[in-house]
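Each chain gets a letter, A, B and so on, in the order its sequence line appears, and its residues count up from 1.
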There are 2 protein chains.
Amino acid sequence: MSHTAQSDGHPRRGRAPTMADVAQLAGVSHQTVSRVLSHHPNVRDTTRAEVQRAIEQLGYRRNSSARALVTRRTLTLGVVACNPTLFGPASTLFGLEEAARDEGYMVSAVTLRRYTAKALEEAIDHLSDWGVEGIVVIVPHREAVAALAELRLPFPVVTVEGGHSLPIAGVSVDQELGARLATGHLLGAGHRTVWHVAGPPDWLEAEARVNGWRSTLEEAGVEVPPPLVGDWTPLSGYRAGQELAGRVAAGAARRSSEQVTAVFVANDQMALGLMRAFREAGLSVPGQVAIAGFDDIPEAEFFAPPLTTVRQDFAAVGQASIRLLVSRLESGQTGSDGERVVIEPRLIVRRSSTSS
Amino acid sequence: MSHTAQSDGHPRRGRAPTMADVAQLAGVSHQTVSRVLSHHPNVRDTTRAEVQRAIEQLGYRRNSSARALVTRRTLTLGVVACNPTLFGPASTLFGLEEAARDEGYMVSAVTLRRYTAKALEEAIDHLSDWGVEGIVVIVPHREAVAALAELRLPFPVVTVEGGHSLPIAGVSVDQELGARLATGHLLGAGHRTVWHVAGPPDWLEAEARVNGWRSTLEEAGVEVPPPLVGDWTPLSGYRAGQELAGRVAAGAARRSSEQVTAVFVANDQMALGLMRAFREAGLSVPGQVAIAGFDDIPEAEFFAPPLTTVRQDFAAVGQASIRLLVSRLESGQTGSDGERVVIEPRLIVRRSSTSS
DNA sequence: CCGCCCATTGTTAGCGCTCACAGCCCCCAC
DNA sequence: GTGGGGGCTGTGAGCGCTAACAATGGGCGG
């Protein structure tokens, strides 16, 4: 009659069956059930089959909390992502989840609307509360990575696009190389110089792209125009485009270095806004101004005109970050050495930059 | 000397501190520590403060597995999402995560590259293995929802865009209304009829948009052209655009009902592809053909020309799905009644459909 | 035929926490 | 003075599982 009584061989009603229920039904001990479930070799085939049948009959599922409690493994990884509706972070996240699942881990994500040190800490706290074994941080702000380095967390952390200045393990695409590819391509098409619309200065990716662009121009010995600054949104690209369009109009009367004939935009969305501004100003792309973007979002190929851009393999980034994290988990190192994986981007040439 | 010895008042090295460690340091029982942590009112302020100090000194965190084991609450929700790099699913997912976090839950996601019954079941299995208390399914295939209805899971399930034919709780945007808004808008601008580029026929959203489009035309008493079919990608929109452009060219010589002067495209990405095809065919938008899309992705405003489209509040969908799920969790119902939340879409008129 | 080894199975002791309940002390009413 | 009802704290049990060890039985070499 007590709520723990179950002498009738049926599991307690209203409660999920336990290993003991399965054991009783199969006529073995709970430990044998455990052994079957963990594929222990020393179980007789007939026993194994009986246990399996009991499991199916009861619809038994191992209780993950009990298991985690005793094994001290939650098999859960955390992800902190910022701006995750953008194509890049979203793709990374999903590549990552798939890779984690293949490795036997579950992924729990926390998203940040905007980066602030407090929001980042809260996100990590939230994940810690749920017992993640390690986390991937996709928050490519300079300060975020610095804050992370301070935190000294009790589990491994891997950053995505976290730069290389701090001793934190991470995965990144070679942004500087990407910028060099795009800038070099435009220069190679005969443009005197290449203008740049940068991302927000506190984003490491934005900075790296500026560096790649600038150094390419400097190595080519051409003048480096002042970069404009956007915030990754099409609207900010549009504004930058309006400003540049004004310069083109005025340019004819000025010295040649002020001519705007080629622009490297730090992402595809801003490039889209830029092209709209140029269109409205009556400037033809690529006729009067050649443009290159960054990311290769699925839409880029269908822009007017199709956009030359730098493709990043976001899914590979996600996979690599999981590999890095899992290898640390398995080797038991939580320390922050600066092990890094770098993935090469690729230039995709389309009509927006070709004068033909 | 034994590894469980801890008579020196220090927590066992190499192991996270437990409640007992905190209790010992604070000079209270573990139960008092538990009470402090769960904000039980009957704890003296001075005691509470001492416990807090001990907690901070040790860097103690409550073990979520142990807690989940005894409370039978994992406070974790699962999400299954398909195609999650698209703007819609991604936004829904992140609105959902935020809402879940506010409610005190963690979200674990599993993504599907493509829908298959097997993949869906595996995803749900994976989530069950980790002890989720309920799941949100963002897989708007007809079969997926049907498969879900068969499954009879031991926890509540909420669908997003799961249609209304099955008795499963869900949240959706009124797709049919959205289609009616767009179609009606085009009709109202004086077009004889409106063509349609639909999404994949096994997607419920695609079907609903077709229905809304068709019924609007029928009610207006105009002819219903055969819908073209795409797969949501810009490329498929491009192909549809090429086909329609061919008709326009031929149209002048045919009967007027074959004239293509307005197209309602089932999403913005396909509309982008369509516009590229029209541009390449020398057709002007909106001059010769007016276009409306669906979703209002952030880029739509900057397309050439800016795209008239139907805005869906994805974040609201995510929030609503969590509210629905949590309310079922709290009322303890796992049954599948068909409770539904419907969110109204909104027409955003831009240049692609305005003749001015 | 005996002893030993190994394959197979069972038994026991926790993992770290919360719940139920049992104490204790102090204050107030009678 | 005594009983009783709070407020506050401690004790014990047990959530469902795995790890370590114990026990059993059969096969095989000596």
Side-chain angles (χ1 to χ4, degrees), chain A residues 2-6 11-12 14-51 54-55 58-75 128-131 133, chain B residues 2-6 11-12 14-51 54-55 58-75 128-131 133:
Chain A
S2 123
H3 75 288
T4 55
Q6 45 171 326
R12 292 152 302 188
R15 214 122 133 167
T18 71
M19 222 167 230
D21 297 324
V22 175
Q24 191 173 11
L25 181 60
V28 298
S29 76
H30 64 124
Q31 178 62 353
T32 298
V33 178
S34 174
R35 277 190 269 256
V36 170
L37 253 22
S38 20
H39 304 107
H40 189 101
N42 290 353
V43 178
R44 210 189 309 151
D45 284 346
T46 56
T47 311
R48 189 184 302 276
E50 264 172 82
V51 170
I55 287 173
L58 293 176
Y60 170 75
R61 302 196 81 109
R62 204 151 43 167
N63 180 313
S64 60
S65 303
R67 191 169 149 75
L69 176 57
V70 64
T71 59
R72 298 155 192 291
R73 300 286 317 259
T74 58
L75 295 179
S128 306
D129 282 345
W130 264 257
E133 294 186 30
Chain B
S2 127
H3 75 289
T4 55
Q6 45 171 325
R12 292 152 302 187
R15 214 123 133 168
T18 72
M19 223 168 229
D21 297 325
V22 175
Q24 191 174 12
L25 181 58
V28 298
S29 74
H30 65 123
Q31 178 60 3
T32 297
V33 178
S34 174
R35 277 191 269 257
V36 169
L37 252 23
S38 21
H39 304 107
H40 189 99
N42 288 354
V43 178
R44 209 190 310 152
D45 283 348
T46 55
T47 311
R48 187 183 302 276
E50 262 171 81
V51 170
I55 287 174
L58 294 176
Y60 170 74
R61 303 197 81 109
R62 200 152 44 168
N63 179 313
S64 60
S65 303
R67 191 170 150 74
L69 176 58
V70 64
T71 60
R72 297 155 191 293
R73 302 285 317 260
T74 58
L75 296 179
S128 305
D129 282 345
W130 264 256
E133 294 186 30

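- Minimum interatomic distance between B:Tyr60 and B:Pro17 (heavy atoms only, all atoms of both residues): CD1-O, 3.2 Å.
- Regarding B:His39, its NE2 atom lies at a distance of 16 Å from the C1' atom of C:dT18, rounded to whole Å.
- A:Leu69 and B:Ala66 get closest at one heavy-atom pair: CD1-CB, 3.6 Å.
- When side chains are defined from C-beta on, A:Asp129 does not count as touching B:Arg62, because their heavy atoms never get closer than 4.5 Å.
- As rounded to whole Å, 16 Å separates atom C1' of C:dT9 from atom CG of A:Leu37.
- Here the side chains of B:Val51 and B:Ile55 are in contact, with some heavy-atom distance below 4.5 Å.
- B:Trp130 has its CH2 atom 20 Å from the P atom of D:dG16, to the nearest Å.
- For A:Arg44, a side-chain nitrogen or oxygen approaches OP1 or OP2 of C:dT9 to under 4.0 Å.
- Considering only the side chain of B:Asn42, D:dC8 comes nearest among C:dC17, C:dT8, D:dC8.
- In this structure, A:Arg72 places its CZ atom 20 Å from P of D:dG16, rounding to the nearest Å.
- Residue B:Arg67 places no side-chain N or O under 4.0 Å from the OP1 or OP2 atom of D:dC15.
- Within the 3.5 Å criterion, the main-chain N or O of A:Gly131 finds a donor-acceptor partner in the side chain of A:Thr74.
- The OG atom of B:Ser65 sits 10.0 Å away from the CZ atom of A:Arg72 when rounded to the nearest 0.5 Å.
- In this structure, B:Met19 places its CE atom 10 Å from P of C:dC19, rounding to the nearest Å.
- One atom, NE2 of B:His40, and another, P of D:dG7, lie 10 Å apart when rounded to the nearest Å.
- Between the C1' atom of C:dT18 and the CG atom of A:Leu69 lies a distance of 12 Å, rounded to the nearest Å.
- The stretch residues 26-34 of chain A touches DNA chain D through A:His30, A:Gln31, A:Ser34, each having a heavy atom within less than 4.0 Å of the strand.
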Pairs of donor and acceptor atoms involving the side chains of residues 30-43 of chain A, under 3.5 Å and at least two apart or interchain, shall be tabulated with distances.
from	atom 1	to	atom 2	distance (Å)
A:Thr32	OG1	A:Ser29	OG	3.4
A:Ser38	OG	A:Ser34	O	2.5

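- Straight-line distance from the CZ atom of A:Arg35 to the C1' atom of C:dT11: 10 Å, rounded to whole Å.
- A:Thr47 comes within 4.0 angstrom of sugar-phosphate atoms only, judged by non-hydrogen atoms across all strands, and of no base.
- Among the atoms of the strands shown, only primed sugar atoms or phosphate atoms (P, OP1, OP2) are found under 4.0 Å from some heavy atom of A:Asn63.
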